[in-house]
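This one's a predicted model, so the numbers in the text were calculated from it and none came from an experiment. Sequence lines set the chain letters: A, B, ... in the order given, protein chains first and strands last, and positions in each chain run from 1.
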Amino acid sequence: MDRIFRSFVLGGRRMHLVEDAEVRAEDLRTGSATVHLEDEGCDQVVLVDQFRMSVPAGHPVIPDEDKYELRPLIEKVLDLGFDDDWITEITESARRHDMFRSPE
Amino acid sequence: MTVEDVDYTYSAADLERRTAMLGRLEGRGIEIGAFHSPLPVPDGVEVMYVDLLTSEAQRRYFPEVPDDAEIVEPFLIAPADDLKGIDTAALNFVLSSHLLEHISDPIAAIREWYRVLQPGGLLFVCLPDRRHTFDRTRVRTPLSHLCLDATEELGVPARDARDLEHYREWSRAVNYLEDPAQVDFWARHLQRIQYPIHFHCWHPEDFRELVDYLREQGATSFEVLDGVVLKNGYEFVYLLRKL
(Lines give C-alpha, C1' and ligand atoms only; values in the text may rest on other atoms or scores of the structure.)
Protein backbone atom coordinates (compact mmCIF):
# COMPACT_ATOMS: atom_id res chain seq x y z
CA MET A 1 0.00 0.00 0.00
CA ASP A 2 1.28 3.45 -0.88
CA ARG A 3 2.01 5.96 1.89
CA ILE A 4 -0.44 8.75 2.50
CA PHE A 5 1.16 12.16 2.98
CA ARG A 6 -0.69 14.97 4.69
CA SER A 7 -1.51 18.03 2.68
CA PHE A 8 0.40 21.25 3.19
CA VAL A 9 0.47 24.78 1.85
CA LEU A 10 3.50 25.93 -0.11
CA GLY A 11 3.61 29.12 -2.14
CA GLY A 12 0.00 29.79 -1.22
CA ARG A 13 -1.29 26.55 -2.76
CA ARG A 14 -2.57 23.54 -0.85
CA MET A 15 -1.06 20.31 -2.07
CA HIS A 16 0.07 16.85 -1.10
CA LEU A 17 2.78 14.62 -2.43
CA VAL A 18 1.46 12.08 -4.92
CA GLU A 19 1.75 8.76 -3.15
CA ASP A 20 1.96 6.38 -6.12
CA ALA A 21 5.13 4.30 -5.82
CA GLU A 22 6.04 4.63 -9.49
CA VAL A 23 5.61 8.38 -9.36
CA ARG A 24 7.78 8.50 -6.28
CA ALA A 25 10.48 6.44 -7.92
CA GLU A 26 10.45 8.77 -10.93
CA ASP A 27 10.63 11.77 -8.61
CA LEU A 28 13.69 10.33 -6.92
CA ARG A 29 15.30 9.57 -10.26
CA THR A 30 14.73 13.04 -11.65
CA GLY A 31 15.16 15.05 -8.44
CA SER A 32 11.60 16.35 -8.68
CA ALA A 33 8.49 16.18 -6.48
CA THR A 34 5.08 15.40 -7.94
CA VAL A 35 2.32 17.05 -5.98
CA HIS A 36 -1.44 17.04 -6.25
CA LEU A 37 -2.78 20.59 -6.18
CA GLU A 38 -5.93 20.24 -4.13
CA ASP A 39 -7.78 23.36 -5.24
CA GLU A 40 -7.01 22.85 -8.91
CA GLY A 41 -7.57 19.09 -8.73
CA CYS A 42 -4.53 18.24 -10.84
CA ASP A 43 -1.02 16.89 -10.45
CA GLN A 44 2.06 19.00 -11.02
CA VAL A 45 5.67 18.00 -11.26
CA VAL A 46 7.83 20.42 -9.32
CA LEU A 47 11.29 20.38 -10.82
CA VAL A 48 14.28 20.87 -8.59
CA ASP A 49 15.40 23.72 -10.85
CA GLN A 50 12.36 25.68 -9.69
CA PHE A 51 13.86 25.52 -6.21
CA ARG A 52 17.35 26.50 -7.19
CA MET A 53 18.77 29.94 -6.88
CA SER A 54 22.17 31.28 -7.77
CA VAL A 55 23.99 32.67 -4.77
CA PRO A 56 25.90 35.94 -4.79
CA ALA A 57 29.68 36.09 -4.59
CA GLY A 58 30.91 35.58 -1.07
CA HIS A 59 27.96 33.46 -0.06
CA PRO A 60 29.05 30.27 1.72
CA VAL A 61 29.14 27.33 -0.64
CA ILE A 62 27.35 24.29 0.73
CA PRO A 63 29.21 21.02 0.05
CA ASP A 64 27.28 18.62 -2.15
CA GLU A 65 27.01 16.02 0.62
CA ASP A 66 25.17 18.57 2.78
CA LYS A 67 22.58 19.33 0.11
CA TYR A 68 19.07 17.91 -0.10
CA GLU A 69 17.02 16.15 -2.71
CA LEU A 70 13.66 17.80 -3.15
CA ARG A 71 11.15 15.03 -2.53
CA PRO A 72 13.07 13.33 0.29
CA LEU A 73 13.36 16.71 2.02
CA ILE A 74 9.62 17.32 1.85
CA GLU A 75 8.92 13.76 3.03
CA LYS A 76 11.35 14.23 5.88
CA VAL A 77 9.84 17.46 7.17
CA LEU A 78 6.35 15.95 6.88
CA ASP A 79 7.51 12.89 8.79
CA LEU A 80 8.93 15.12 11.48
CA GLY A 81 5.59 16.87 11.86
CA PHE A 82 6.69 20.37 10.92
CA ASP A 83 3.72 22.64 10.25
CA ASP A 84 3.14 24.55 7.02
CA ASP A 85 5.04 27.62 8.14
CA TRP A 86 8.04 25.49 8.92
CA ILE A 87 7.82 23.66 5.60
CA THR A 88 7.97 27.04 3.90
CA GLU A 89 10.82 28.17 6.16
CA ILE A 90 12.88 25.06 5.53
CA THR A 91 12.36 24.84 1.77
CA GLU A 92 12.92 28.58 1.36
CA SER A 93 16.09 28.47 3.44
CA ALA A 94 17.35 25.51 1.39
CA ARG A 95 16.51 27.38 -1.82
CA ARG A 96 18.19 30.60 -0.69
CA HIS A 97 21.36 28.73 0.18
CA ASP A 98 21.41 26.67 -3.02
CA MET A 99 21.05 23.44 -1.07
CA PHE A 100 19.16 21.34 -3.60
CA ARG A 101 21.11 18.65 -5.35
CA SER A 102 20.54 18.00 -9.00
CA PRO A 103 20.01 14.37 -10.04
CA GLU A 104 23.15 12.52 -11.16
CA MET B 1 9.88 43.81 36.12
CA THR B 2 9.95 40.91 33.66
CA VAL B 3 12.38 40.52 30.79
CA GLU B 4 9.60 41.46 28.38
CA ASP B 5 9.01 44.75 30.21
CA VAL B 6 12.56 46.00 29.88
CA ASP B 7 13.05 49.05 27.70
CA TYR B 8 15.78 48.06 25.26
CA THR B 9 16.36 51.51 23.79
CA TYR B 10 19.38 53.67 24.56
CA SER B 11 18.63 56.31 27.16
CA ALA B 12 20.25 59.72 26.85
CA ALA B 13 22.66 58.70 29.61
CA ASP B 14 23.51 55.46 27.75
CA LEU B 15 24.29 57.36 24.57
CA GLU B 16 26.43 59.80 26.50
CA ARG B 17 28.48 56.97 28.04
CA ARG B 18 28.87 55.19 24.73
CA THR B 19 29.80 58.40 22.96
CA ALA B 20 32.41 59.07 25.63
CA MET B 21 33.95 55.63 25.03
CA LEU B 22 33.91 55.99 21.26
CA GLY B 23 35.19 59.56 21.66
CA ARG B 24 38.54 58.10 22.67
CA LEU B 25 39.06 56.70 19.20
CA GLU B 26 41.52 58.33 16.88
CA GLY B 27 43.36 57.46 13.73
CA ARG B 28 42.44 54.49 11.59
CA GLY B 29 40.75 51.25 12.45
CA ILE B 30 38.13 48.70 11.56
CA GLU B 31 34.63 47.78 12.57
CA ILE B 32 33.92 44.09 12.12
CA GLY B 33 30.38 42.98 11.39
CA ALA B 34 28.85 46.45 11.29
CA PHE B 35 26.10 45.11 8.99
CA HIS B 36 23.38 47.80 8.94
CA SER B 37 24.29 49.48 12.25
CA PRO B 38 27.79 50.96 12.05
CA LEU B 39 28.94 52.58 15.26
CA PRO B 40 29.13 56.38 15.33
CA VAL B 41 32.70 57.61 15.58
CA PRO B 42 34.16 61.10 16.04
CA ASP B 43 34.85 63.28 13.04
CA GLY B 44 38.24 62.64 11.51
CA VAL B 45 38.38 59.01 12.57
CA GLU B 46 38.75 56.59 9.66
CA VAL B 47 36.78 53.36 9.88
CA MET B 48 37.08 50.51 7.40
CA TYR B 49 34.49 47.77 7.48
CA VAL B 50 35.20 44.06 7.62
CA ASP B 51 32.63 41.36 7.16
CA LEU B 52 32.28 37.76 6.13
CA LEU B 53 29.98 38.58 3.22
CA THR B 54 29.43 41.33 0.70
CA SER B 55 26.40 43.53 1.33
CA GLU B 56 24.57 41.75 -1.50
CA ALA B 57 25.28 38.34 0.01
CA GLN B 58 24.21 39.58 3.45
CA ARG B 59 20.88 40.69 2.05
CA ARG B 60 20.32 37.18 0.70
CA TYR B 61 21.53 35.54 3.87
CA PHE B 62 19.39 37.67 6.18
CA PRO B 63 16.05 38.22 4.37
CA GLU B 64 14.56 39.51 7.61
CA VAL B 65 16.53 42.74 7.23
CA PRO B 66 14.26 45.44 5.74
CA ASP B 67 14.98 46.34 2.13
CA ASP B 68 15.50 49.98 3.03
CA ALA B 69 18.14 49.17 5.66
CA GLU B 70 21.52 50.36 4.44
CA ILE B 71 24.15 47.66 4.80
CA VAL B 72 27.73 48.92 4.83
CA GLU B 73 29.96 47.58 2.09
CA PRO B 74 33.01 45.87 3.56
CA PHE B 75 36.44 46.84 2.30
CA LEU B 76 37.69 43.45 3.44
CA ILE B 77 35.82 40.15 3.20
CA ALA B 78 37.27 37.97 5.94
CA PRO B 79 36.27 35.97 8.98
CA ALA B 80 36.50 37.98 12.20
CA ASP B 81 39.10 35.58 13.56
CA ASP B 82 41.34 35.56 10.50
CA LEU B 83 41.95 39.09 9.23
CA LYS B 84 44.27 38.22 6.37
CA GLY B 85 45.17 41.36 4.51
CA ILE B 86 45.63 43.46 7.63
CA ASP B 87 49.21 43.79 8.82
CA THR B 88 50.22 43.13 12.39
CA ALA B 89 50.00 46.25 14.60
CA ALA B 90 48.48 48.25 11.74
CA LEU B 91 45.41 49.73 13.43
CA ASN B 92 44.56 52.26 16.11
CA PHE B 93 41.29 50.56 17.00
CA VAL B 94 39.01 47.57 16.43
CA LEU B 95 35.26 47.87 16.94
CA SER B 96 33.00 44.89 17.47
CA SER B 97 29.36 45.35 18.39
CA HIS B 98 27.11 42.34 18.91
CA LEU B 99 29.55 40.19 16.99
CA LEU B 100 31.67 38.11 19.37
CA GLU B 101 28.68 36.02 20.46
CA HIS B 102 28.26 34.95 16.82
CA ILE B 103 31.79 33.55 16.59
CA SER B 104 32.28 29.90 17.46
CA ASP B 105 35.87 30.47 18.66
CA PRO B 106 35.89 33.83 20.49
CA ILE B 107 39.43 33.38 21.80
CA ALA B 108 40.77 33.11 18.24
CA ALA B 109 38.92 36.31 17.37
CA ILE B 110 40.26 38.27 20.34
CA ARG B 111 43.80 37.07 19.60
CA GLU B 112 43.44 38.18 16.01
CA TRP B 113 42.12 41.61 17.03
CA TYR B 114 45.04 41.91 19.40
CA ARG B 115 47.43 41.10 16.55
CA VAL B 116 46.21 43.86 14.25
CA LEU B 117 46.18 46.54 16.98
CA GLN B 118 49.14 48.81 17.59
CA PRO B 119 50.42 48.95 21.17
CA GLY B 120 48.07 51.42 22.84
CA GLY B 121 45.35 50.61 20.31
CA LEU B 122 41.76 50.34 21.53
CA LEU B 123 39.35 47.43 21.35
CA PHE B 124 35.65 48.26 21.77
CA VAL B 125 33.53 45.18 22.41
CA CYS B 126 29.78 45.33 22.87
CA LEU B 127 27.86 42.18 23.81
CA PRO B 128 24.31 41.27 24.80
CA ASP B 129 23.74 40.10 28.36
CA ARG B 130 22.35 36.57 28.26
CA ARG B 131 19.79 37.33 30.96
CA HIS B 132 18.05 39.99 28.88
CA THR B 133 17.84 38.34 25.47
CA PHE B 134 16.38 35.21 23.92
CA ASP B 135 19.47 33.48 25.33
CA ARG B 136 18.07 33.67 28.84
CA THR B 137 17.00 30.00 28.87
CA ARG B 138 20.36 28.85 27.53
CA VAL B 139 23.34 27.70 29.51
CA ARG B 140 25.78 30.51 30.38
CA THR B 141 29.02 29.71 28.58
CA PRO B 142 31.86 28.86 30.95
CA LEU B 143 35.45 29.87 30.26
CA SER B 144 36.43 26.19 30.06
CA HIS B 145 34.15 25.78 27.04
CA LEU B 146 35.83 28.67 25.23
CA CYS B 147 39.23 27.15 25.97
CA LEU B 148 38.14 23.87 24.40
CA ASP B 149 36.84 25.69 21.33
CA ALA B 150 40.20 27.39 21.03
CA THR B 151 42.14 24.15 21.05
CA GLU B 152 40.05 22.18 18.56
CA GLU B 153 39.67 23.14 14.92
CA LEU B 154 36.34 23.01 13.12
CA GLY B 155 35.98 19.53 11.69
CA VAL B 156 37.15 17.89 14.90
CA PRO B 157 34.18 15.78 16.01
CA ALA B 158 34.10 17.08 19.59
CA ARG B 159 34.21 20.70 18.42
CA ASP B 160 31.49 20.14 15.80
CA ALA B 161 29.38 18.37 18.42
CA ARG B 162 29.70 21.33 20.80
CA ASP B 163 28.70 23.69 18.02
CA LEU B 164 25.76 21.45 17.13
CA GLU B 165 24.60 21.57 20.73
CA HIS B 166 24.60 25.37 20.47
CA TYR B 167 22.45 25.12 17.35
CA ARG B 168 20.08 22.85 19.27
CA GLU B 169 19.88 25.35 22.11
CA TRP B 170 19.16 28.07 19.57
CA SER B 171 16.44 25.99 17.88
CA ARG B 172 14.71 25.55 21.22
CA ALA B 173 15.25 29.00 22.70
CA VAL B 174 14.89 31.19 19.64
CA ASN B 175 12.88 29.15 17.18
CA TYR B 176 10.66 27.69 19.91
CA LEU B 177 10.90 24.12 18.66
CA GLU B 178 10.18 21.51 21.32
CA ASP B 179 10.11 18.14 19.57
CA PRO B 180 13.64 16.69 19.85
CA ALA B 181 13.60 15.32 16.29
CA GLN B 182 12.53 18.69 14.88
CA VAL B 183 15.15 20.44 17.01
CA ASP B 184 17.84 18.12 15.72
CA PHE B 185 16.81 18.49 12.08
CA TRP B 186 16.70 22.30 12.21
CA ALA B 187 19.93 22.52 14.21
CA ARG B 188 21.75 20.44 11.61
CA HIS B 189 20.30 22.57 8.85
CA LEU B 190 21.54 25.75 10.53
CA GLN B 191 24.95 24.18 11.03
CA ARG B 192 25.10 23.24 7.34
CA ILE B 193 24.44 26.82 6.25
CA GLN B 194 26.80 28.10 8.96
CA TYR B 195 24.07 30.33 10.30
CA PRO B 196 25.66 32.81 12.70
CA ILE B 197 23.67 32.07 15.83
CA HIS B 198 24.73 33.25 19.24
CA PHE B 199 27.20 30.43 19.81
CA HIS B 200 27.91 31.64 23.32
CA CYS B 201 26.17 33.81 25.85
CA TRP B 202 27.62 35.67 28.78
CA HIS B 203 27.22 38.03 31.67
CA PRO B 204 29.46 41.13 31.89
CA GLU B 205 31.85 39.56 34.39
CA ASP B 206 32.41 36.58 32.08
CA PHE B 207 34.02 38.77 29.44
CA ARG B 208 36.25 40.35 32.06
CA GLU B 209 37.23 36.85 33.21
CA LEU B 210 38.12 35.95 29.63
CA VAL B 211 40.28 39.05 29.17
CA ASP B 212 42.10 38.33 32.44
CA TYR B 213 42.58 34.68 31.52
CA LEU B 214 44.10 35.55 28.14
CA ARG B 215 46.52 37.93 29.83
CA GLU B 216 47.51 35.28 32.39
CA GLN B 217 48.12 32.84 29.56
CA GLY B 218 50.22 35.36 27.66
CA ALA B 219 47.88 35.11 24.69
CA THR B 220 46.92 38.78 24.74
CA SER B 221 47.57 41.68 27.04
CA PHE B 222 44.75 44.17 27.34
CA GLU B 223 44.09 46.76 30.02
CA VAL B 224 40.41 47.38 30.76
CA LEU B 225 39.83 51.12 30.43
CA ASP B 226 36.09 51.14 30.92
CA GLY B 227 33.10 48.86 31.20
CA VAL B 228 29.47 49.90 31.16
CA VAL B 229 26.05 48.30 31.12
CA LEU B 230 23.55 49.92 28.76
CA LYS B 231 19.92 49.59 27.69
CA ASN B 232 18.68 48.55 31.13
CA GLY B 233 21.08 45.64 31.21
CA TYR B 234 20.53 44.40 27.67
CA GLU B 235 24.08 45.03 26.57
CA PHE B 236 27.47 45.61 28.08
CA VAL B 237 30.47 47.33 26.60
CA TYR B 238 34.16 47.08 27.36
CA LEU B 239 36.86 49.38 26.14
CA LEU B 240 40.28 47.74 26.25
CA ARG B 241 43.74 49.03 25.47
CA LYS B 242 46.51 46.87 24.08
CA LEU B 243 49.51 47.06 26.38
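- The number of heavy-atom neighbours closer than 6.0 Å to CD of Glu65(A), taken from other residues, nucleotides and ligands shown, is above 12.
- Under a 3.5 Å cut-off, the side chain of Arg96(A) and the backbone N or O of Arg60(B) do form a donor-acceptor pair.
- The closest side-chain heavy-atom distance from Tyr195(B) to His97(A) is not below 4.5 Å.
- Contacts of Ile62(A) with chain B are made by side-chain atoms alone, with heavy-atom separations under 4.5 Å and no backbone atom involved.
- The side-chain heavy atoms of Met99(A) and His189(B), taken from C-beta on, include a pair separated by under 4.5 Å.
- Note: Gln182(B) leads Arg188(B), Gln194(B), Gln182(B) in heavy-atom pairs under 4.5 Å with chain A.
- Annotation: the span from Ile193(B) atom CD1 to Asp98(A) atom CG amounts to 12.5 Å, rounded to 0.5 Å.
- Counting non-hydrogen atoms of neighbouring residues, nucleotides and ligands closer than 6.0 angstrom, the NZ atom of Lys76(A) reaches no more than 12 such neighbours.
- Counting heavy atoms from C-beta on, the side chains of Glu89(A) and Trp186(B) come closer than 4.5 Å.
- Shown here is Arg162(B), whose CZ atom has more than 12 heavy atoms of other residues, nucleotides or ligands within 6.0 Å.
- Annotation: side chain of Phe82(A) is not in contact with side chain of Asp179(B) (no heavy-atom distance under 4.5 Å).
- In the displayed structure, Arg28(B) atom CZ is contacted under 6.0 Å by at most 12 heavy atoms of other residues, nucleotides or ligands.
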